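Take a look at the structure set out below.
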Amino acid sequence: MNIRNVAIIAHVDHGKTTLVDQLLQQGHLFRSNQVMAERFLDSNPLERERGITILSKNISIPYAGVKINLIDTPGHADFGGEVERVLKMADGVLLLVDAFEGPMPQTRFVLQKALELHLKPVVVINKVDRHDSRADEVLEEIFDLFVELEAADEQLDFPTVYASGREGWATLESGAAGTDLTPLLDTILEHVPAPPSPEGPVQMLVTTLDYSEYVGRIAIGRVFRGTLAPGPVTLLKRDGSRSSATIRQLLTFEGLEREPAERVPAGDLCAVVGVEEAHIGDTIADAEAPEPLPMLAIDEPTVMMTFTVNTSPFYGREGKFVTSRHLADRLAKELERDVALRVEPTHSPDTFRVSGRGILHLSILIERMRREGYEMQVGQPKVIYKEIGGKKCEPIEILAVDVPEEHQGRVIEMVSQRRGELQVLEPRGAQTHMEFRIPSRGLIGLRSRMLLATSGEATMHHRFFEYEHFKGSVPERQMGALVSMAEGDVVGYALDGLQDRGRFFVDPGEPVYTGQVVGETPKEDDIVVNVQKSKKLTNMRASGADKALKITPAIKFSLEEALEYINHDEMVEVTPKSIRLRKILLDENARKRARTAARLEGVGV
């Protein structure tokens, strides 16, 4: 068949989306007068702001009479759920690796998934035009990684392409420059097998869901057997149930668009309109002889947070959707699309326990919700423990850190305090590369502290490794909180007088409420402060009374930073316009009673 299904997998910022841009341009998929946006496949506003791929997307490139279906996958471990399901649509993978950084944690994660599915790999060493490129060393590291992951003999015999995604060329010779990406496309046609087309009743696996205001739910996936055509089919659910449905329209991926099709043969990717009850992992099968495809295997979540309705005094001021029903409906809608997410009810109808792959995975969901007009409160992220062999076990992650040599000792000290164990230490140019095994608990709040300790020069990535026995306690935030004692606008005069107490998160004129965390103090205990105190007016002139206020600029947290910052007795209030930190118990007397009760129970605070 003249079809090739190829998934592109890479670590964050190794140039995957930029390479796809060049493939699109050289494939002449744009009109001569059409302006092409940079990083075309990162079309989501959040993806453009953060420079990462979050959602998997499909396009096709015609080349030499062959239709190459390209599947763009996320590069961050927190979105591994996207990678696991879309790899089922591919017969081969382009493993993209930076010519300087080499294989990183996410490279290992997605490569392991691809090898388990027996996909044919093509290695692309990208950014070989960098002045510090070490392509030959990186190729050896990639081969060692394949051996470590127990790749089959035919997978070890992978072809290697050297490329510059930004410049738009590829070559098969190390150290030589190319002219275009033809060598990469030729390698795909030569080494990635055409999809098999077994005979029998039709089977299609649903791997992605889309939605249109005009036609409703759209199921996207791959036809594994037979030929799919509009008409009656049977939908086989993940739970074993089945229902009848009718395909109203079929769409195939032609270039950047979806084109209507009368029939879709086995091996091709398509979008199906009309099967409203379809979910990810379901099988669309023949109406007369329905047979299910194997279930999608998805790794379990490792981090949990509580989502609850906003109960602050500023409730409902900025959001449109503020009730528990709104929150429940939106989380249920997200469950349909994100197979790595879990939502469980709690004893309170206003609170939900939401589990995911990591803080970034959940914070992207929260960010999307706040942009849609939702208000909510989110609790401190907590890892999910398991009992294995009668012992308490916790998730362990591989943490990779690149840092200038002078900061190496400080990084090792910080990670060791959080129960991390050094596994690899090697120089890479002016940088030192270190790899640790560290509990997931130890990663919460580590990034901001490490950037502070290394003057912003540390680069860190991590991925889930396995569950191991509980490693012991990890210290929480050592800084105490400055808590507002009243409701009202912040006064510059009050901040000026309180600056020796600590650093503030709010600016003059900003409204705050009782119990809101407005700053941090070096002391371990919280301090209640009056940030609404104004200067008393008098008709007496005093020397120096009218001095200009010199207020240090407020610290402003991003959503991830706020989630990593809070302690167990605090929450993050998220609205479409604001991110605020607050105490769970807003009243100071209630907090004192809670601390006393905890001490009496021997728990400690």
Side-chain angles (χ1 to χ4, degrees), residues 44-50 52 54 78 303 305-322 326-327 330-331 334 350-352 354 356 358-382 444-449 451-452 477 479 481-484 487-490 495 502-520 526 529 531 552-586:
N44 185 294
L46 272 175
E47 292 178 319
R48 290 194 164 276
E49 286 174 22
R50 294 164 185 260
I52 59 175
I54 297 171
D78 280 22
V303 174
M305 294 184 202
T306 55
F307 284 42
T308 184
V309 295
N310 189 6
T311 57
S312 83
F314 293 170
Y315 155 85
R317 290 190 185 183
E318 298 173 357
K320 293 188 296 182
F321 307 111
V322 295
H326 287 141
L327 198 56
R330 179 62 181 83
L331 291 173
E334 190 68 20
D350 295 337
T351 304
F352 304 89
V354 182
I359 292 178
L360 183 63
H361 180 200
L362 297 175
S363 71
I364 291 291
L365 167 62
I366 298 167
E367 185 66 38
R368 282 208 301 265
M369 290 174 66
R370 72 183 285 241
R371 292 185 183 201
E372 294 166 12
Y374 287 83
E375 272 190 22
M376 73 201 87
Q377 291 176 167
V378 187
Q380 184 188 33
K382 296 178 180 176
I444 297 174
L446 179 62
R447 185 184 300 272
S448 56
R449 289 172 175 79
L451 289 173
L452 194 64
R477 186 184 80 219
M479 313 280 270
L482 296 174
V483 185
S484 173
E487 183 176 331
D489 291 347
V490 176
L495 291 187
R503 303 186 300 170
F504 282 89
F505 308 151
V506 291
D507 289 312
E510 196 174 316
V512 299
Y513 51 80
T514 307
Q516 182 176 333
V517 177
V518 294
E520 67 176 10
D526 297 340
V529 294
V531 291
T552 306
I555 300 170
K556 296 297 181 184
F557 289 119
S558 67
L559 182 56
E560 287 89 17
E561 289 169 343
L563 293 172
E564 291 189 341
Y565 182 83
I566 56 176
N567 268 345
H568 67 277
D569 62 339
E570 296 164 354
M571 301 185 85
V572 179
E573 178 190 352
V574 182
T575 73
K577 296 180 182 177
S578 308
I579 296 173
R580 303 185 185 96
L581 277 58
R582 54 160 285 178
K583 291 292 182 182
I584 295 176
L585 300 173
L586 297 180

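Here the structure is a predicted model, which means the values were calculated and not measured.
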- Task: Taking the side chain as every heavy atom from C-beta outward, state whether H361 and L365 have any atom pair closer than 4.5 Å.
- Result: no
- Quick one: list whatever passes side-chain hydrogen bond (donor to acceptor under 3.5 Å, both in side chains) with Q516, sequence neighbours left out. none
- To the nearest 0.5 Å, tell me how far E375 CD sits from K320 NZ. 12.0 Å
- Task: Output the distance between atom OG1 (T306) and atom CD1 (I584), rounded to the nearest 0.5 Å.
- Result: 7.0 Å
- Note on the structure: Separation between CG (L581) and CE (M571), nearest 0.5 Å, reads 11.5 Å
- Check the pair L563, I366 against side chain to side chain contact (heavy atoms under 4.5 Å, CB included), reporting the backbone distance first and the verdict last. CA-CA 11 Å; L563 293 172; I366 298 167; 4.2 Å; yes
- Item | Test log, rule side chain to side chain contact (heavy atoms under 4.5 Å, CB included), inputs V322 and N310 | CA-CA 7 Å; V322 295; N310 189 6; over 6 Å; no
- Query: How would you list, by chain and number, every residue that makes a side-chain hydrogen bond (donor to acceptor under 3.5 Å, both in side chains) with Q380, sequence neighbours excluded?
  - Reply: E476
- Step-by-step side chain to side chain contact (heavy atoms under 4.5 Å, CB included) determination, E318 to R370: CA-CA 10 Å; E318 298 173 357; R370 72 183 285 241; over 6 Å; no
- Query: What are the two closest heavy atoms between D507 and A554, and how far apart are they?
  - Reply: OD1-CB, 3.3 Å
- Query: So which heavy atom on L495 is nearest to which on P508, and how close?
  - Reply: CD1-CD, 3.9 Å
- Query: Stepwise, does the salt bridge (Lys or Arg N to Asp or Glu O under 4.0 Å) test hold for E334 with R330?
  - Reply: CA-CA 6 Å; E334 190 68 20; R330 179 62 181 83; 3.0 Å; yes
- Query: If you measure from NZ on K382 to CE on M305, what distance do you get to the nearest 0.5 Å?
  - Reply: 11.5 Å
- Task: Run the numbers on D526 and D569 for side chain to side chain contact (heavy atoms under 4.5 Å, CB included), then give the verdict.
- Result: CA-CA 11 Å; D526 297 340; D569 62 339; 4.2 Å; yes
- Message: How close do L586 and P313 get, counting heavy atoms only, and between which atoms?
- Response: CD1-CD, 3.8 Å
- Note on the structure: Scanning both residues in full, the closest heavy-atom pair of G509 with D489 reads O-CG, 4.0 Å
- Task: May I ask you to decide whether R447 forms a salt bridge with E560, counting only side-chain N to carboxylate O separations under 4.0 Å?
- Result: no
- Using the six-membered ring wherever Trp is involved, compare the ring planes of H326 and F321 and label them parallel, tilted or perpendicular (cut-offs 30° and 60°). perpendicular
- Note on the structure: Note: V303 and L362 closest approach over all heavy atoms is O-CD1, 4.1 Å
- Note on the structure: Between E510 and the options K556, R580, K577, the salt bridge (Lys or Arg N to Asp or Glu O under 4.0 Å) test singles out K556
- Item | Sole residue of T311, D350, T575, T351 in side chain to side chain donor-acceptor pair (under 3.5 Å) with Q377 | T311
- Message: A side-chain contact here means heavy atoms from C-beta on lying under 4.5 Å apart; do F557 and I579 qualify?
- Response: no
- Note on the structure: CD1 of I566 to NZ of K583, rounded to nearest 0.5 Å, is 10.0 Å
- Item | Side-chain (R449) to main-chain (L451) donor-acceptor, under 3.5 angstrom | no
- With R503 via salt bridge (Lys or Arg N to Asp or Glu O under 4.0 Å) - residues at least two apart: E520
- State, to 0.1 Å, how close V518 and S484 come at their nearest heavy-atom pair, and which atoms those are. CG1-CB, 4.0 Å
- Separation between CD1 of I359 and CD of E564, rounded to the nearest 0.5 Å: 4.5 Å
- Message: Salt bridge check, E367 against R371: does any charged N sit closer than 4.0 Å to a carboxylate O?
- Response: yes
- Query: Given the rule in the ring-ring contact (aromatic ring centres under 6.0 Å, His included) test, do Y374 and F307 qualify, once you have shown the distances and angles that lead to the verdict?
  - Reply: CA-CA 12 Å; Y374 287 83; F307 284 42; over 10 Å; no
